[in-house]
Amino acid sequence: MSDRFAERLLAWYDKHGRHDLPWHHNRNAYRVWVSEIMLQQTQVTTVIPYFLAFMERFPSVRELAGAPVDDVLGHWSGLGYYARARNLQKAAIRVVEDHGGEFPVDQEALEGLPGIGRSTAAAIIAQAHDKRAAILDGNVKRVLARYHAIPGWPGQTSTLTRLWQYAEAHTPDERVRDYTQAIMDLGAMVCTRSRPVCERCPLNEDCIAFRRGETHLYPGPKTKKEKPEKTTWMVILEDENGRIMLERRPPTGIWGGLWSLPELDPAYGPEELREACEQTLGLDCGEPDLISGFRHTFSHYHLHIQPARLPVAKGILIQDRPDRRWVHRDEALGLGLPAPIRTLLTRPGQTTLL
DNA sequence: TATCCGTGGTG
DNA sequence: TCACCAAGGAT
């Protein structure tokens, strides 16, 4: 690029950028990698406490590779996108077994690890090694879409291709670590989605969208689709010792690998729940106690959760299955639980009895 | 290419 | 109350 994009950005970064984030200290490839995975589709303020606790428990790639999956998921509980946690540990095991515990330095090898794509690989290269690699995350997409007035939704291949071209072109040969942090900081602090602070932007002079007064038009909107509504029963089974039954969810799909409350087919009516527990779970239960349901919104559908509390008759045992277990509430909260289930178990008073 | 995968903040 | 979306990647 013949303009002074990177130069202006770096000068702004030196004065106003974020230089003190937790992963900026004791910087190494492992810490950079974990932070980048956590930061996928997740804001900095959300990540910080998770990152600190994660590093306390898993200080190096070897401890992560050797940890129980439940421990890793437990530290991810509430962060969302749990495939990131499963892939993180898979990648850690590969780094230990195939690379002697040392992270690959080249982009191709990094992209071969589960959970690491083009942008994350580039971020690791730039942040950990200060070597030239172009990133393209949500911040960069927004900055570039406005600066060059690139129409269309960034998810569209044609739009994405153009964005990558500009991302590559603007990335400098020197100070790549600072540059990648700088353009993300600009997107997060100045070139925000709503009400960008263009007066304080070091790039406003040559920003086409700003000069046209059209920053609100970029990036282009995603084509919206109607979200389907799904319904499910979630049963709180409590035995005479005050323990509740948890069930491990399948490794794929929503909340994959996490512990949650047992689900029953929504086709069962309230009066059939007792029988459903008997047939589905092999449990002899008392009368169901219906709790008011709530709606949980995901990216692509709404889930209507109908909780029901059922007492379990004394002396009844279920067959020993590794994906089911009786736990006290305190113990349950130490496992990887989905956020709404955690809320349900922590603050049952928040919901109203029917 | 389109869809799936979470959660919390925002207007 | 609710649609929209943020440091993407896998399928």
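Lettering of chains follows the sequences in order, A, B, ..., and the numbering in each one begins at 1. The figures that follow rest on heavy atoms only: side chains count, while hydrogens, waters and symmetry mates do not.
- In this structure, Pro338(A) reaches the sugar-phosphate backbone alone: every heavy-atom distance under 4.0 Å involves primed, P, OP1 or OP2 atoms, never a base.
- Residue Leu21(A) is classed as a base contact, given a heavy-atom separation below 4.0 Å to a base.
- With distances taken from any side-chain atom of Ser299(A) to the nucleotides dC4(C), dC5(B), dG8(C), the minimum falls on dC5(B).
- Of the candidate nucleotides dC2(C), dG8(C), dT7(B), dC2(C) has the atom nearest to the side chain of Arg295(A).
- A salt bridge links Glu229(A) with Arg295(A): at least one charged nitrogen is closer than 4.0 Å to a carboxylate oxygen.
- With rounding to whole Å, Tyr301(A) atom OH is found 19 Å from dC2(C) atom C1'.
- Here the C1' atom of nucleotide dG8(C) and the CD1 atom of Ile37(A) are 9 Å apart, to the nearest Å.
- No side-chain N or O of Thr231(A) forms a donor-acceptor pair with one of Gln306(A) less than 3.5 Å apart.
- Here Thr180(A) contributes atom OG1 and Gln127(A) contributes atom CD; the two are 4.0 Å apart, rounded to the nearest 0.5 Å.
- Distances shorter than 4.0 Å separate none of the side-chain N or O atoms of Tyr81(A) from OP1 or OP2 on dA10(C).
- The side chain of Gln41(A) places an N or O atom within less than 4.0 Å of a non-bridging phosphate oxygen (OP1 or OP2) of dG8(C).
- Distance, Leu258(A) CG to dG6(B) P: 8 Å, rounded to whole Å.
- Nucleic acid contact for Thr297(A): base, since at least one base atom lies under 4.0 Å from a heavy atom of the residue.
- You won't find any donor-acceptor pair under 3.5 Å spanning the side chain of Ser119(A) and the base of dG8(C), going by distance alone.
- Looking at heavy-atom distances under 4.0 Å, Leu79(A) makes contact with a base.
- OP1 or OP2 of dT7(B) has not a single side-chain nitrogen or oxygen of Trp76(A) nearer than 4.0 Å.
- Rounded to an integer number of Å, the gap from Arg342(A) CZ to dG6(B) P is 15 Å.
- Taking 4.0 Å as the cut-off between side-chain N and carboxylate O, Arg243(A) and Asp239(A) count as a salt-bridged pair.
- A donor-acceptor contact under 3.5 Å links the side chain of Thr42(A) to the base of dG6(B).
- Closest contact between the side chain of Gln43(A) and the listed nucleotides dT7(B), dG9(C), dA6(C) involves dA6(C).
- Note on Val140(A): nothing from the nucleic acid sits closer than 4.0 angstrom, heavy atoms only.
- Residue-level contact check: Tyr50(A) touches neither bases nor backbone, having no heavy atom under 4.0 Å from any strand.
- The side chain of Ile254(A) approaches dG6(B) more closely than any other nucleotide in the set dG6(B), dA3(C), dA6(C).
- Place Ser35(A) and Ile116(A) on DNA chain C by their nearest nucleotides, and Ser35(A) ends up nearer the 5' end.
- Looking at Arg321(A) and Glu247(A), no side-chain N of the basic residue comes within less than 4.0 Å of a carboxylate O on the acidic one, giving no salt bridge.
- The residue among Trp153(A) and Gly78(A) whose nearest nucleotide of DNA chain B lies closer to the 5′ end is Trp153(A).
- At a threshold of 4.0 angstrom between heavy atoms, the contacts of Arg18(A) include nucleobase atoms, whether or not backbone atoms are also involved.
- Across the protein-nucleic acid pair, Leu73(A) atom CG and dC5(B) atom P stand 16 Å apart, rounded to whole Å.
- For His300(A) and dG6(B), the shortest distance from a side-chain N or O to OP1 or OP2 is not below 4.0 Å.
- Counting non-hydrogen atoms under 4.0 angstrom, Gly155(A) reaches nothing in the nucleic acid.
- Among dT7(B), dG8(C), dC5(C), the nucleotide with an atom closest to any side-chain atom of Ala339(A) is dT7(B).
- In terms of phosphate contacts, Thr120(A) brings a side-chain nitrogen or oxygen within less than 4.0 Å of OP1 or OP2 of dG9(C).
- At the phosphate of dC4(C), OP1 or OP2 sits under 4.0 Å from a side-chain N or O atom of Lys224(A).
- The aromatic rings of Tyr166(A) and His170(A) lie parallel to each other, with less than 30° between the two planes, well short of the 60° mark.
- Between Trp33(A) atom CH2 and dG9(C) atom P the separation is 14 Å, expressed in whole Å.
- A gap of 22 Å separates the P atoms of dG9(C) and dG8(B), to the nearest Å.
- Between His19(A) and Tyr13(A), the closest side-chain pair of non-hydrogen atoms falls below 4.5 Å.
- A straight line from CG of Asn139(A) to P of dC5(C) spans 15 Å, rounded to a whole angstrom.
- Counting non-hydrogen atoms under 4.0 angstrom, Gly187(A) reaches nothing in the nucleic acid.
- Atom CZ in Arg84(A) sits about 14 Å away from atom C1' in dA10(C), given to the nearest Å.
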